[in-house]
Amino acid sequence: MPWLIRPLLSLGLLGALLGGYPWLSRPRTPEALFKTRCAACHALRVERLCEFAPRQRPAIVDTMRRLHEADQVIDEEEAVIIRRYLEESLICP
């Protein structure tokens, strides 16, 4: 029976590593979240975003989620983070 413990532990470790992969691969900053989620559907055009006043930028996220099916890619929790990033932290060129 001791011969069985090592393979089971190895499989358990492998399963834990693979099961944790989606969590490990998630964007870790608001900027990374914005780039990852928004670029999933279209090219990012930061210069175009910068044409809008910071207070107007969060509405773009709402429009994309409501009218362009971005709610399939960006959940509400992520949308809050992206809205805040666009209004408060986006650096315009």
- Query: Is the backbone of Ala53 close enough, under 3.5 Å, to the side chain of Gln56 for a donor and an acceptor to pair up by distance?
  - Reply: yes
- Message: For Ile74, is there any backbone N or O sitting under 3.5 Å from a side-chain donor or acceptor partner on Arg65?
- Response: yes
- Message: Taking Glu78 first and then Arg37, would you say they form a salt bridge - that is, a charged N and a carboxylate O separated by under 4.0 Å?
- Response: yes
- Going hydrophobic residue to hydrophobic residue with side-chain gaps under 4.5 angstrom, can you get from Val80 over to Val73? no
- Item | Sole residue of Leu49, Thr29, Val61 in side chain to side chain contact (heavy atoms under 4.5 Å, CB included) with Phe34 | Leu49
- From CA spacing to verdict: side-chain contact (heavy atoms from CB on, under 4.5 Å), Glu69, Asp71: CA-CA 5 Å; Glu69 299 180 358; Asp71 59 330; 4.3 Å; yes
- Message: Quick one, Leu90 and Cys50 - any side-chain contact, counting heavy atoms below 4.5 Å?
- Response: yes
- Item | Verdict with supporting geometry, Ile60 and Arg83, side-chain contact (heavy atoms from CB on, under 4.5 Å) | CA-CA 8 Å; Ile60 297 168; Arg83 283 186 208 107; over 6 Å; no
- If you draw a 6.0 Å radius around CG in Leu67, do more than 12 non-hydrogen atoms from other residues or ligands fall strictly inside? yes
- Task: Provide the full list of side chain to side chain donor-acceptor pair (under 3.5 Å) pairs with a residue in residues 39-48, sequence neighbours left out, each pair given once.
- Result: Arg48-Glu51
- Rounded to the nearest 0.5 Å, how far does CG of Leu33 lie from CD of Glu77? 9.5 Å
- Contacts of type side chain to side chain donor-acceptor pair (under 3.5 Å), residue Arg57, not counting sequence neighbours: none
- Of all residues at least two apart in sequence or in a different chain, which pass the side chain to side chain donor-acceptor pair (under 3.5 Å) check with Glu31? Lys35
- Supply the atom-to-atom distance Leu86 CG to Ile81 CD1, rounded to the nearest 0.5 angstrom. 12.0 Å
- Message: Using a 6.0 Å cut-off, check whether atom CD of Glu76 has over 12 heavy atoms from anything other than its own residue.
- Response: yes
- Task: Can you measure from SG (Cys41) to CE (Met64) and round to the nearest 0.5 angstrom?
- Result: 9.0 Å
